[in-house]
Student: 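Before we start, here is the structure in question, set down as structure tokens.
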Amino acid sequence: MSQFSWQRSWLRHAIVILVAAKVAGLILLFDLTGSEFELFDLVKSVYSRSLEWFLIGLLLLAIASFGLQVIPRTRLHLLVTALVLVTAISAAFASEPEIALYGTTGRYLGLTFVVDMAVLYLAIAVAFRTPRDWSVFLGVTALAVAATLVYAYVQYAGLDPLPWTRSLLTRPFSTIGNPDMYGHLLSVALGAGASAAVIGIGPAQRVPRAVAVGLCLAVLVGIAFVATRASFLGILATLVTIPLLYLAVHGQTRSALLRVGVGMGAAVIAVVVGMVISPIGARLAATLAGVATRDRILTWQGAAEAFLARPLFGWGPDSVGVAWPHVRPAEFAQVAGLGFTVDSAHDWLLQAAVTTGVLGVIAVVGAVACFSWSLVRTGLQRSPALAALLTAAAAAYWSHALVSPGSIGVDWVPWAVFGGTVAMLETGGDPVRGRPLLRPLVVVVVALGAIASLAGMRELQANAELLRAYKDIGLGQPASAIDHAKQAVALDPGRATYWNELGRAYYAAGRWADAASTFGEAARHAPHEATFLSNEGRALAQIVVGGDSSKGAADAALSAAEAGAMIDPNEPTAQVALAQVAVAVDRAGVALRAAVDAIRLYRGDPSYDALAISAASKVTDAAFARTELQRALSYKETSTLWVALAAADLRVGDKQAALADAQRALRLDPFNAEARSVLRSAGG
């Protein structure tokens, strides 16, 4: 094998192609077949981590052949190393190490993701040496974004051929799976596209600029009907950044200032008009009027409290969901609705603070500041067009991320920018190979990469089994559901969700003891999740109802349900579960208090009222029942609650109060027969 330079090496070209394929997959890939329970982020995660092993193998081969001189020498590497180390330390001290390692179910942004992105960073820093490399990367990325736009247009038109459960939503989510996260990708694409259109990139300017202009227009249309409010910050960042970059590249001459002024004026007018006539404008107007903002404020409030609770190392990578039950504001369910939890701080600074503590904030802010300074200070001199594009993309990303959740389909952006910055600043010579690679070594490295990449297939198979179990439970086929759920647990035993689904299958089959132990296993894997303990309490209650006291009888069932309510005290469904279990095991007082707490936390479900009323009728202490019903009425007024209070008044012998409460019920519902009956009993 003859010697040749690193720039001409097949290893370098292979790394460039793999990087482009990796980013394209992170943008485009999802489960087209609908066979996975999680259609988007799990598929992207498995794909990205599969290519990670190949990139590691190629990087090792490059070092074996060319030596460490293929790695650019810069102190910026220390910043990335600090990010990885801080994340690893946070994971080591995490409240729930399993989640810190692999990430929250549905997000997968744990330590493994950070390591994956560090490999992406190093691959770009090492391999991207020529304009052609960037043409491949940017061209593939632009095509991927264009493909998402086409699909988004199809979704918006109601012509999506895929049977999505969310197909009735008017806001497209394209291949990212969530409109808010897709809007984040479009913000980045707008910044990069605007830079290429205005400042240009590469020696042949006309065609790339025309393509960039077309992409920008398509992205703006996409932003308009995806209607992610945070995109306004991305647009604003682009409007501010592009003129400054243009002047930095072309100089502050009179003609340049004139062009910037005219361009800025036209862009601002176009944006304002677009906002006025598009869905995003309506959402922004509602936001400025205070509509649908309280939930986000409560999220930030809870995130700040979570940071203060563990300020040094945080709760662990991607562990906002672990912290949330401890800090959930009491009014959150009433504002956001039932079944809604928080697994992201919706702000990149708060996200870093909650997950990795003050050390993580210092590391990420330091990295953003130093890499940005290098791009502007040095990059604009050495490679103006490319540095401008990376700067604009980064500005749009970080601005949008101030009020947005993270996503594996978008969070590769800062790592690519970091790697591109280092590659651009490389000033060393082109190393010549000192020793040839043995073909068997290449084969072995590639084979090991292929074997390691197959590990993710187990995760996909487990997730597919989870979906089959879920469907079978819905179809009333518990035996089949048990088989599929067992397969899911065997393939991926670390996921609490899989254990919970197996517990649900046992529960549907009436196998209460198996269900209780399986729900308990789910709770051990995810101690922050109240649902699993609540489910354990329900299963144990069924054992008690069947007359079997071998599993701890009523106390065990009540203890499990109470533990769930204590874990997430401001989650109304946990209180409802406690009330239901308490009713089942004849603890009416506990049931009443929990039902009233559920009403306090969420006043929109009338079944909570019925649960409280039923429990109150069974409480032997009439004075206690009266006090709790009065507390319920302090949160919401309904005729049925007033009737129940009137009945409690009669039980304590207070006919005057019963008369007044029955009359209040009739004012709310003049045809309430129960209120009239109580009224007669009270002498009215």
Side-chain angles (χ1 to χ4, degrees), residues 30-43 45-46 98 102 104-108 160-169 177 338-341 456-526 529-543 545-546 548 551 557 560-561 564 573-574 576-577 580-581 584 607:
F30 63 94
D31 177 24
L32 286 165
T33 67
S35 60
E36 299 290 326
F37 192 86
E38 298 169 39
L39 299 169
F40 293 92
D41 287 22
L42 178 61
V43 177
S45 176
V46 169
E98 183 85 14
Y102 297 109
T104 302
T105 298
R107 285 170 53 83
Y108 308 104
D160 193 342
L162 298 177
W164 300 108
T165 56
R166 302 176 61 188
S167 59
L168 296 180
L169 289 177
L338 282 179
F340 187 83
T341 190
M457 297 300 104
R458 290 175 62 87
E459 298 174 31
L460 290 177
Q461 187 179 349
N463 201 252
E465 293 291 344
L466 176 69
L467 178 61
R468 295 187 184 104
Y470 178 83
K471 288 181 176 179
D472 284 345
I473 292 173
L475 293 171
Q477 299 173 354
S480 177
I482 290 171
D483 291 338
H484 289 305
K486 281 184 174 179
Q487 284 293 320
V489 167
L491 289 165
D492 193 358
R495 289 288 172 189
T497 305
Y498 297 173
W499 287 99
N500 184 61
E501 202 63 24
L502 178 58
R504 290 181 68 241
Y506 282 136
Y507 194 95
R511 295 169 57 174
W512 315 122
D514 289 332
S517 62
T518 307
F519 287 136
E521 187 65 27
R524 282 187 284 277
H525 281 280
E529 192 67 64
T531 300
F532 305 148
L533 286 169
S534 297
N535 288 345
E536 183 183 6
R538 288 188 175 103
L540 290 170
Q542 290 294 333
I543 296 175
V545 170
D548 184 354
K551 296 294 182 180
T573 57
V576 169
Q580 292 170 338
V581 170
S607 69

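FYI, side chains are in, hydrogens and waters are out, and symmetry mates aren't considered; it's all heavy atoms of this structure.
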Student: I need the minimum non-hydrogen distance between F532 and A522, along with the two atoms involved.
Tutor: CD1-O, 3.5 Å
Student: Looking only at heavy atoms, which two atoms of A516 and L540 are closest? And how far apart?
Tutor: CB-CD2, 3.8 Å
Student: Output the distance between atom NZ (K486) and atom CD (E501), rounded to the nearest 0.5 Å.
Tutor: 15.0 Å
Student: What's the shortest heavy-atom distance between A481 and I473, and which atoms?
Tutor: CB-CG1, 3.6 Å
Student: Got a second to check how far T497's OG1 is from L502's CG, nearest 0.5 Å?
Tutor: 12.5 Å
Student: Is it the case that the side chain of N463 and the backbone of E38 share a donor-acceptor pair, with hydrogens and angles ignored and the cut-off at 3.5 Å?
Tutor: yes
Student: With a 4.5 Å heavy-atom cut-off, do Y507 and Q542 have their side chains touching?
Tutor: yes
Student: Hey, can you tell me if F37 and Y470 have their rings parallel, tilted or perpendicular (30° and 60° cut-offs)?
Tutor: perpendicular
Student: Return the CZ to CH2 distance between F519 and W512, rounded to the nearest 0.5 Å.
Tutor: 10.0 Å
Student: Can you tell me how far apart OH (Y108) and CG (D41) are? Round to the nearest 0.5 Å.
Tutor: 8.0 Å
Student: Rounded to the nearest 0.5 Å, what separates atom CZ in R504 from atom OG1 in T518?
Tutor: 13.0 Å
Student: Are any of the side-chain heavy atoms of L467 and E36 separated by less than 4.5 Å?
Tutor: no
Student: Show your reasoning for whether side chain to side chain contact (heavy atoms under 4.5 Å, CB included) applies to Y498 and N500.
Tutor: CA-CA 5 Å; Y498 297 173; N500 184 61; over 6 Å; no
Student: If you take all heavy atoms of P478 and A505, which pair is closest and at what distance?
Tutor: CB-O, 3.9 Å
Student: Please report the closest heavy-atom contact between A541 and A584, naming both atoms and the distance.
Tutor: CB-CB, 4.0 Å
Student: Under the side chain to side chain donor-acceptor pair (under 3.5 Å) test against H484, which residue among E465, K471, R468 passes?
Tutor: E465
Student: Are more than 12 heavy atoms from other residues, nucleotides or ligands located less than 6.0 Å from atom OH of Y506?
Tutor: yes
Student: Less than 4.5 Å apart, any side-chain heavy atom of T531 and any of T573?
Tutor: no
Student: Out of curiosity, E536 CD to E521 CD, how far, rounded to the nearest 0.5 Å?
Tutor: 10.5 Å
Student: Could you pull out the closest heavy-atom pair between R495 and Y102, with the gap in Å?
Tutor: NH2-CB, 3.5 Å
